[in-house]
Structure formats: structure tokens, C-alpha cells
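Have a look at the structure below before the remarks.
For clarity, every value in this text was computed on a predicted model and none was experimentally measured.
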Amino acid sequence: SGQSLPLCVPIVDDSGHLLGVVGKEAFRLHGNDVFNSLEVHLEAISDTVRGSTELEEIATSLESAERDYLLVVENKKPLGYITKHTLSAISPEPFDVLRDDKLTQSDMGLSSLVVPLV
């Protein structure tokens, strides 16, 4: 279809709290039919960060994450996701150079690097 697929589609409960995600591959293989059998395609996700998470911790979490992204969650509600690519766009310096600064996403205006969920 020429349309690019999101890395994931978060699935939330009636309160907007994160239940899990449906990954890009499920949509690639099954299209919107994934919603007809959501229990089959829903993936639990534990790789999340908050907007106030320090950059070093985000980088470390991305390295050990099962996926190529981390969901950004506030109050159990998904806001977007951050990838290695978007994180590396903020600085040409290695992350350990930033270690002493203890900068957070908020401090550096990283909200612009979080891919919003629409």
C-alpha cells in the first residue's frame, strides 16, 4: 500500500492504561484483521520509560530492550515511543559524556524526539 507502518500500536484499557502493543509485523501480515483476534497479537511490554528518565538510563534501556524502541509512558498511559535513531539524533557525543550532567528528556527538550502515538 506504500504506507509506512508504525513500530507498534499500543492497546489500552477503558482508563487509557497500557495493556500491551500490537507490533508492525502483525499488521504487515494480517492488516487490520489483528483487531478481530487481538488476544493472539497482543504483546506484553515491559520496555518503557517516563519523560523524566535520564538519558543514560534511556540509552542503557534501549540497548537491553527486546524491541527497537521504548514506549514513553506517564501514569500508565502511553504517549509515544523513542528509538535508538531518534535518541542518537540529539548528540554526536557518546552518552557516557553526558553521564555527569544527569540530563533528562525534559531537560534537553527531548519531547520532540518522542514519536507521538496518534
Side-chain angles (χ1 to χ4, degrees):
S1 69
Q3 222 174 349
S4 70
L5 296 170
L7 288 176
C8 65
V9 173
I11 305 299
V12 297
D13 64 15
D14 291 337
S15 301
H17 295 162
L18 182 65
L19 296 174
V21 297
V22 174
K24 177 177 18 181
E25 193 62 23
F27 284 103
R28 183 176 288 126
L29 295 173
H30 306 286
N32 286 336
D33 288 342
V34 298
F35 294 113
N36 296 329
S37 55
L38 196 54
E39 64 282 349
V40 173
H41 301 288
L42 186 66
E43 303 171 21
I45 188 160
S46 59
D47 300 325
T48 64
V49 294
R50 293 184 323 240
S52 60
T53 304
E54 294 177 357
L55 289 178
E56 181 183 0
E57 184 178 340
I58 293 170
T60 301
S61 295
L62 271 168
E63 287 300 318
S64 62
E66 293 178 22
R67 295 165 178 83
D68 295 334
Y69 61 89
L70 295 172
L71 279 182
V72 178
V73 177
E74 291 293 338
N75 300 318
K76 300 181 184 178
K77 297 180 181 183
L79 301 177
Y81 57 86
I82 192 161
T83 66
K84 291 177 185 177
H85 178 74
T86 57
L87 190 61
S88 66
I90 63 163
S91 174
E93 300 295 328
F95 285 106
D96 58 349
V97 171
L98 300 174
R99 182 172 291 142
D100 292 336
D101 295 334
K102 297 294 185 196
L103 296 174
T104 65
Q105 291 185 61
S106 309
D107 296 335
M108 295 192 64
L110 289 186
S111 59
S112 63
L113 296 177
V114 174
V115 178
L117 300 170
V118 277

Listed pairs under 3.5 Å, donor-acceptor, residues 59-72 side chains, sequence neighbours left out:
residue	atom	partner	partner atom	Å
T60	OG1	E56	O	2.9
S61	OG	E57	O	2.9
S64	OG	T60	O	3.3
S64	OG	S61	O	3.4
R67	NE	E43	OE1	3.4
R67	NH2	E43	OE1	3.0
R67	NH2	A44	O	3.1

Any link between F27 and L19 through a network of hydrophobic side chains (Ile, Leu, Val, Met, Phe, Trp, Tyr) touching at under 4.5 Å? yes
Here the pair of heavy atoms bringing I58 nearest to I82 is CG2-CG2, 4.4 Å
Rounded to the nearest 0.5 Å, the CG atom of L7 sits from the NZ atom of K24 at a distance of 5.0 Å
P78 and G16 have their tightest heavy-atom pair at CD-O, 3.7 Å
Which salt bridge (charged side-chain N to carboxylate O under 4.0 Å, His left out) pairs, counting each pair once, include a residue from residues 26-38, with sequence neighbours left out? E25-R28
Ring pair (Phe, Tyr, Trp, His ring centres under 6.0 Å) against H30, all qualifying residues, sequence neighbours excluded: H41
Quick one: closest heavy-atom pair of C8 and Y81, and the distance? SG-CD2, 4.4 Å
The complete set of side chain to side chain donor-acceptor pair (under 3.5 Å) pairs with one or both residues in residues 11-20, sequence neighbours excluded, reads none
Check the hydrophobic clustering (I, L, V, M, F, W, Y; side-chain heavy atoms under 4.5 Å; chains of links allowed) and say if V12 and V21 are grouped together. no
Which heavy atom in L18 sits nearest to a heavy atom in P10, and how many Å separate them? CD1-CB, 3.9 Å
